[in-house]
Amino acid sequence: MDLNRYTDRIRADLVAAATLGDEKTQATAEALATAVENSARLALLSALTELADTVTAELGDRTVRVSLHGTEATVDVSRAATGDNPSFEEMTGDISRVTLRLVEQVKSRAEEAAAQSGQSLNSWMSGVVSGALRDQMRGGYGGGKGGGFGGTTKGGDSV
């Protein structure tokens, strides 16, 4: 859900109301509309988050989360954690070193993605693995052969 759709409407309404005034009033309204845009986006996100909390409380077996990426609000609905397994966010521990061998093309694409997000390759890959584990714990990745993350080889065999 693109929040710009809503903040643009607030901006347009404010500027339209100012057309009744002189040039100084119109310029002031334009400046206020620009200043209010981020506050309006945060207010919308707060309202969506509160709604998600209310829906989560009513559903019981599911969790609703709202996140903001740029101007795009996304909603994630997942099954609530059951049993004694800690949630992904509750897991802590020592940092371990691992060697990962990648095909050069994959490594290059990963480096580009890391650079685009302003992160080192190591930090970016750590985030990707953490996200994949979080999704797996929420039931987002199917337990194919061996219960891994799934995927296919060039020949179409599951991995």
Side-chain angles (χ1 to χ4, degrees), residues 1-82 85-93 95 100 102-143 148-152:
M1 166 189 329
D2 186 6
L3 295 181
N4 278 340
R5 181 174 141 200
Y6 302 97
T7 57
D8 287 349
R9 183 169 176 191
I10 294 169
R11 177 189 204 45
D13 289 349
L14 185 57
V15 170
T19 59
L20 301 174
D22 60 11
E23 288 181 24
K24 186 174 181 179
T25 301
Q26 292 173 15
T28 301
E30 184 66 38
L32 284 172
T34 301
V36 164
E37 207 165 329
N38 286 332
S39 294
R41 190 174 291 113
L42 288 174
L44 287 168
L45 180 61
S46 293
L48 290 171
T49 301
E50 190 173 323
L51 175 65
D53 290 344
T54 301
V55 171
T56 294
E58 292 295 320
L59 291 177
D61 67 333
R62 297 192 188 263
T63 302
V64 180
R65 294 193 178 159
V66 178
S67 59
L68 186 63
H69 302 283
T71 62
E72 193 76 22
T74 56
V75 177
D76 177 46
V77 179
S78 59
R79 293 207 180 275
T82 59
N85 296 333
S87 72
F88 184 80
E89 289 76 15
E90 294 171 337
M91 287 188 210
T92 60
I95 295 176
L100 177 64
L102 297 173
V103 176
E104 185 58 39
Q105 284 180 315
V106 173
K107 180 181 179 251
S108 295
R109 290 180 67 191
E111 288 171 332
E112 289 173 15
Q116 287 177 353
S117 66
Q119 297 178 303
S120 69
L121 178 60
N122 189 62
S123 294
W124 183 83
M125 290 184 75
S126 180
V128 169
V129 171
S130 296
L133 290 171
R134 184 180 306 110
D135 288 346
Q136 184 185 41
M137 291 181 74
R138 291 180 183 162
Y141 285 96
F149 291 104
T152 57

Exercise. Could you tell me whether the side chains of D53 and T56 share a donor-acceptor contact shorter than 3.5 Å?
Key: no

Quiz prompt | Test side chain to side chain contact (heavy atoms under 4.5 Å, CB included) applied to L42 - qualifying residues, sequence neighbours left out | solution = none

Exercise. Look up atom CG in L51 and atom OG in S46, then write down how far apart they are to the nearest 0.5 Å.
Key: 12.5 Å

Quiz prompt | Contacts of type salt bridge (charged side-chain N to carboxylate O under 4.0 Å, His left out), residue R41, not counting sequence neighbours | solution = E37

Quiz item: Just by distance, do the side chain of T49 and the backbone of L45 share a donor-acceptor pair under 3.5 Å?
Solution: yes

Quiz item: Without hydrogens or angle criteria, can the side chains of T74 and R65 be said to hold a donor-acceptor pair below 3.5 Å?
Solution: no

Practice problem: Find the distance between OG1 (T25) and CD (E30) and round it off to the nearest 0.5 Å. | Solution: 13.5 Å

Self-check item: Distance-minimising heavy-atom pair for A18 and A29
Solution: CB-CB, 3.1 Å

Self-check item: Side chain T54, main chain E50, donor-acceptor under 3.5 Å
Solution: yes

Self-check item: Within-4.5 Å side-chain heavy-atom neighbours: I10 and D13
Solution: no

Self-check item: Separation between CD of E111 and OG of S120, rounded to the nearest 0.5 Å
Solution: 11.0 Å

Quiz item: Can you tell if the side chain of T7 reaches within under 4.5 Å of the side chain of R11, non-hydrogen atoms only?
Solution: no

Quiz prompt | Whether Q26 side chain and G21 backbone form a donor-acceptor pair below 3.5 Å | solution = yes

Exercise. Please round to the nearest 0.5 Å and tell me the distance separating atom CZ of R5 and atom CZ of R9.
Key: 9.0 Å

